[in-house]
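I have placed the structure first, in the form of structure tokens, so that the comments after it can refer back to it.
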There are 2 protein chains.
Amino acid sequence: MTRRTRVPHEAAHPDTTPIRGVPEATVARLPLYLRALAALVDRGVDTVSSEELAESAGVNSAKLRKDLSHLGSYGTRGVGYDVNYLRRQISREVGLTQDWPVVIVGIGNLGQALANYAGFASRGFRVAALVDADPALTGKQVAGLTVQHTDDLERLVAQLSIAIGVIATPAVAAQQVCDRLVAAGVTSILNFAPTLLHVPEQVGLRKVDLSIELQILAYHEQRRSGAPLALTAEQAAELAQAVRG
Amino acid sequence: MTRRTRVPHEAAHPDTTPIRGVPEATVARLPLYLRALAALVDRGVDTVSSEELAESAGVNSAKLRKDLSHLGSYGTRGVGYDVNYLRRQISREVGLTQDWPVVIVGIGNLGQALANYAGFASRGFRVAALVDADPALTGKQVAGLTVQHTDDLERLVAQLSIAIGVIATPAVAAQQVCDRLVAAGVTSILNFAPTLLHVPEQVGLRKVDLSIELQILAYHEQRRSGAPLALTAEQAAELAQAVRG
DNA sequence: GGGTGTGAAGCTATTCACAGCC
DNA sequence: GGCTGTGAATAGCTTCACACCC
């Protein structure tokens, strides 16, 4: 069994890997930079410093420069970044220069809202199909598309070359839908159902849980002001203990 | 050095601030644990090991134990955690044992979906008011509530003791709405508008940008399969350089 | 002068592995 | 024997500060 052999495995290796290996934290911020750059384009600005761009993206400038340095050397020292050029480079890196047909599964309130969401279309995400298991919904028009029945999921994915699926079903249906999407060839999934999904190693999965965000806010809110107002007997006892040491 | 510093053993200083200072990363996972615990309760399970709970929350067990250790010592060595007890403790820590009236501003597709979202109510978040600037919407019933006009925002926040606001307006209106919420006394804001919001230091702010999640998926998707298909001249040159260098 | 790109330092988070307790 | 709680090690991310280039 494993001793406590710490194992050096590799100590000094240049290993700079410039054209790959963008840190995940950086990837998550690239869309922010794109948004800020789009706003600058609209304002007719054509050159920005890292300071200014960072400001409008809500990050600090050192972080911005470090992030961009992972993509390449797109700025000019003493000048800044060309807004249009930088925007194109980041778009390409993220993959927004290509068309991404998307299927939304689960056309309840949330699914309909997503189908109508303008922010998708404006970034190259084309809602190509809407799917629901409810026969009462299939055939209806939503966001200019006819809602299809879940039975046709596999056919739609294949015919429309869909690589990205959005799950907006109730939690109980989500894993089954997910499995079918994966089996049909979808390799990226965005999950809005409040449940844990299992996907194969190679499939990309991200989740948005609306109530989790509220809970995180509530945690901090409670600490700011609320806690004393709603002190339970248990809390009081604990607090007393803590004070006593 | 420090191969086996065995001296300090415990030090036992109340100074460790047990009832404060939960790392942000831990806070963000507490809702996951609550979700997993709720599922276990539904299944009638009343004791779990960190291994099992971690599995159902989708994290690794060392991380789970470390996270829980920041809240207190709620497990039993050799046994595991009492499901109901642990759930109550975490709920209390997050603040879900109290009622959180919430106002949703912007009752478009997304706002309506949020108003109807069952996941809020089930966690103690009560949608107390719906507000929109569009006179065509005000007075209509949505999710059992009458949509109010933005003019009444301040009054509603005060009368309903609202501490949490959800912004689901178009991007251009978001900052103005945000300012009014803050001025009215709201101290936590969840922003769905795809724009950067400025709030005072003490106000909690979280954001959900639906298109950002898709963009992150697209980034990885492109690397999995798409990139070669859409290779630009620039990329080709870069690639060639990388191969050479 | 001005501002990018980047080693180095500092910080936070994750994982390991085991002492301590049931 | 089993499992928690936790120091220690590691990995990853952020920030600093300045060399370098325009």
Practice problem: Consider only side-chain N and O atoms of B/Glu52 and B/Ser56, and report whether a donor and an acceptor are under 3.5 Å apart. | Solution: no

Quiz prompt | Between C1' of C/dG5 and CG of A/Leu64, the distance in whole Å | solution = 12 Å

Can you give me every donor-acceptor pair (side chain of residues 167-174 of chain A, partner residue at least two apart or in another chain, under 3.5 Å) with its distance?
none

Quiz item: Taking only N and O in the side chain of A/Ser73, is any of them less than 4.0 Å away from OP1 or OP2 of C/dG5?
Solution: yes

Practice problem: Give the rounded distance in Å between these two atoms: CD of B/Glu24 and C1' of C/dT14. | Solution: 16 Å

Quiz item: Hey, which of these two, A/Ala62 or B/Ser49, hits DNA chain D nearer its 5' end, going by closest nucleotide?
Solution: B/Ser49

Quiz item: How about A/Ser91 and A/Arg123: does a side-chain donor come under 3.5 Å of a side-chain acceptor?
Solution: no

Quiz item: Is B/Tyr81 near enough to C/dC22 that one of its side-chain N or O atoms lies under 4.0 angstrom from OP1 or OP2?
Solution: no

Quiz prompt | B/Asp82 CG to D/dT4 P, straight-line distance once rounded to whole Å | solution = 13 Å

Practice problem: Please check if any side-chain donor atom of B/His220 sits under 3.5 Å from a side-chain acceptor atom of A/Glu24, or the reverse. | Solution: yes

Practice problem: Report yes or no: is the cationic atom of A/Arg35 (NZ for Lys, CZ for Arg) under 6.0 Å from the centre of the six-membered ring of A/Tyr33, at an angle within 45° of the ring normal? | Solution: no

Self-check item: Value in whole Å for how far the P atom of D/dT6 lies from OH of B/Tyr74
Solution: 12 Å

Practice problem: Calculate the interatomic distance between B/Asn60 atom CG and C/dA13 atom C1'; express it in whole Å. | Solution: 12 Å

Quiz item: Taking NE2 from B/His70 and P from C/dT14, how many angstroms apart are they, rounded to a whole number?
Solution: 10 Å

Exercise. Examine the side chains of B/Arg65 and B/Ser50 and answer whether a donor and an acceptor come within less than 3.5 Å of each other.
Key: yes

Practice problem: Using atom CG of A/Leu53 as one end and atom P of C/dT4 as the other, report the distance to the nearest whole Å. | Solution: 9 Å

Quiz item: What integer distance in Å separates A/Lys66:NZ from C/dG10:C1'?
Solution: 13 Å

Quiz item: Think B/Ser50 has a side-chain N or O under 4.0 angstrom from the OP1 or OP2 of D/dT4?
Solution: yes

Expected rows: protein N/O vs nucleotides 18-21 of chain D N/O, under 3.5 Å:
unit_1: D/dC20; atom_1: O2; unit_2: A/Arg77; atom_2: NH1; d: 2.9

Self-check item: A/Ser69 vs A/Val79, nearer the 5' end of DNA chain C by closest nucleotide
Solution: A/Val79

Exercise. Apply side-chain contact (heavy atoms from CB on, under 4.5 Å) to A/Asp179 and list each qualifying residue two or more places apart in sequence or on a separate chain.
Key: A/Gln175

